[in-house]
Amino acid sequence: MRKSSVPVTPNIQVIERIFSLIDVLASREEAISLKEISERTGLHPSTTHRILNDLAVGRFVDRPESGSYRLGMRLLELGNLVKDRLNVRDAAVQPMRELHKLIQQPVNLSVRQGDEIVYVERAFSERSGMQVVRAIGGRAPLHLTSVGKLFLAMDDLQRVRAYATRTGLSGQTRNSITQLQILERELSKVRQYGVARDNEELELGVRCMASGIYDDQGKLVAGLSISAPADRLDESWLPKLQLTTQAISQALGHPNSRA
């Protein structure tokens, strides 16, 4: 049988029109009239009406009253499915590996659990010259770690003081912050600059810098830190670290992240 010489291509134009209609509907909280939608998209009213009616059948668009439209519940349902499937570790693994290739030092992903941070992923190699002491699943007090300070900085003064009372601000090295007043000053710097540091406070000979990862609601959900021998921590790594956390936050839906 002779094959047809007419190329078969997807109707990209229809898809583009659907996207333009959804963008217009998303720009307003209230329902929009068919006439306005048609004018703003540049589509003929009959074309606009036909596509919107098709979208309404699939519940992607609602018609609260005749001649007006708004986004439908099906989009919310799909959005919640995507959100539920987003996993900070999955979003972070590849960016962490890319950052590690640039700096050749361990990159750690941590989350908060109660009064501790938990290491959930790490990108490192033997060439870094650093022995990895805390394996994935390891824990450390919030006030002794760079990522922990990011989380404490999100708490108000009352919560920070309650944390200090519960933990006693116990230290592990001569550099550990064990006084509430000093910790409060440290957290003020974290809030001001948006990054946190560990100056051999958890482990002598190791310094860290950390930047936060935020979800679609702007909530701090994790932190990414670079660990290095104390005499090798390079300030030029900080912008690279921040770009990496911005990229991960963007993958989680954070609206203000621009990587």
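Because only heavy atoms are used, hydrogens play no part in the values below, and waters and symmetry mates are left out as well, while side chains stay in.
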**Message:** With a 4.0 Å cut-off on N to O distance, would you call Arg112 and Glu116 a salt bridge?
**Reply:** no
**Prompt:** Can you tell me if CZ on Arg159 sees more than 12 non-hydrogen neighbours from other groups inside 6.0 Å?
**Reply:** no
**Request:** Check step by step if salt bridge (Lys or Arg N to Asp or Glu O under 4.0 Å) holds for Glu36 and Arg28.
**Result:** CA-CA 12 Å; Glu36 183 178 351; Arg28 296 251 289 274; 2.6 Å; yes
**Prompt:** Using a distance-only test with no angle check, is there a side-chain donor-acceptor pair under 3.5 angstrom linking Asn108 and Ser110?
**Reply:** no
**Message:** Quick test of your reading of the model: are Glu184 and Arg161 salt-bridged, counting only N-O distances below 4.0 Å?
**Reply:** yes
**Derivation and outcome, side chain to side chain contact (heavy atoms under 4.5 Å, CB included), residues Leu144 and Ile177** = CA-CA 7 Å; Leu144 299 183; Ile177 295 177; 5.6 Å; no
**Message:** I want to check something: taking the side chain as every heavy atom from C-beta on, are Arg70 and Ile32 in contact at a cut-off of under 4.5 Å?
**Reply:** no
**Message:** Between Asp198 and Val206, is there a side-chain heavy-atom distance shorter than 4.5 Å?
**Reply:** no
**Message:** For Ser211 versus Leu150, what's the shortest heavy-atom pair and its separation?
**Reply:** C-CD1, 3.5 Å
**Request:** Would you indicate whether the side-chain heavy atoms of Val195 and Met209 approach each other to under 4.5 Å?
**Result:** no
**Message:** Main chain of His143, side chain of Tyr163: is a donor-acceptor contact present, judged purely on distance under 3.5 Å?
**Reply:** yes
**Request:** Decide yes or no for Ile213 and Leu220: does some side-chain heavy atom of the first lie under 4.5 Å from some side-chain heavy atom of the second?
**Result:** no
**Prompt:** Any salt bridge between Glu98 and Lys240, counting N to O under 4.0 Å?
**Reply:** no
**Trace of the side chain to side chain contact (heavy atoms under 4.5 Å, CB included) decision for Asp215 with His254** = CA-CA 5 Å; Asp215 66 10; His254 188 245; 5.8 Å; no
**Derivation of the side chain to side chain contact (heavy atoms under 4.5 Å, CB included) call for Ile226 and Leu99** = CA-CA 9 Å; Ile226 298 172; Leu99 178 60; 4.3 Å; yes
**Message:** If you define the side chain from C-beta out and look only at heavy atoms, does anything of Leu202 sit under 4.5 Å from Thr173?
**Reply:** no
**Complete:** Exactly one candidate in Leu34, Asn53, Leu52 meets side chain to side chain contact (heavy atoms under 4.5 Å, CB included) with Arg63; the answer is Asn53
**Asked** Is the shortest distance from a Lys or Arg side-chain nitrogen in Glu200 or Arg207 to a carboxylate oxygen in the other one below 4.0 Å?
**Response** no
**Asked** Is there a donor in the side chain of Ser27 and an acceptor in the side chain of Arg40, or the other way round, less than 3.5 Å apart?
**Response** yes
**Prompt:** Does a side-chain N-to-carboxylate-O contact under 4.0 Å join Glu186 and Arg197?
**Reply:** no
**Asked** Does Arg191 make a cation-pi contact with Tyr193 (under 6.0 Å, within 45 degrees of the axis)?
**Response** no
**Request:** Look only at the side chain of Thr47 and the backbone of Leu43, and say whether a donor-acceptor pair between them is shorter than 3.5 Å.
**Result:** no
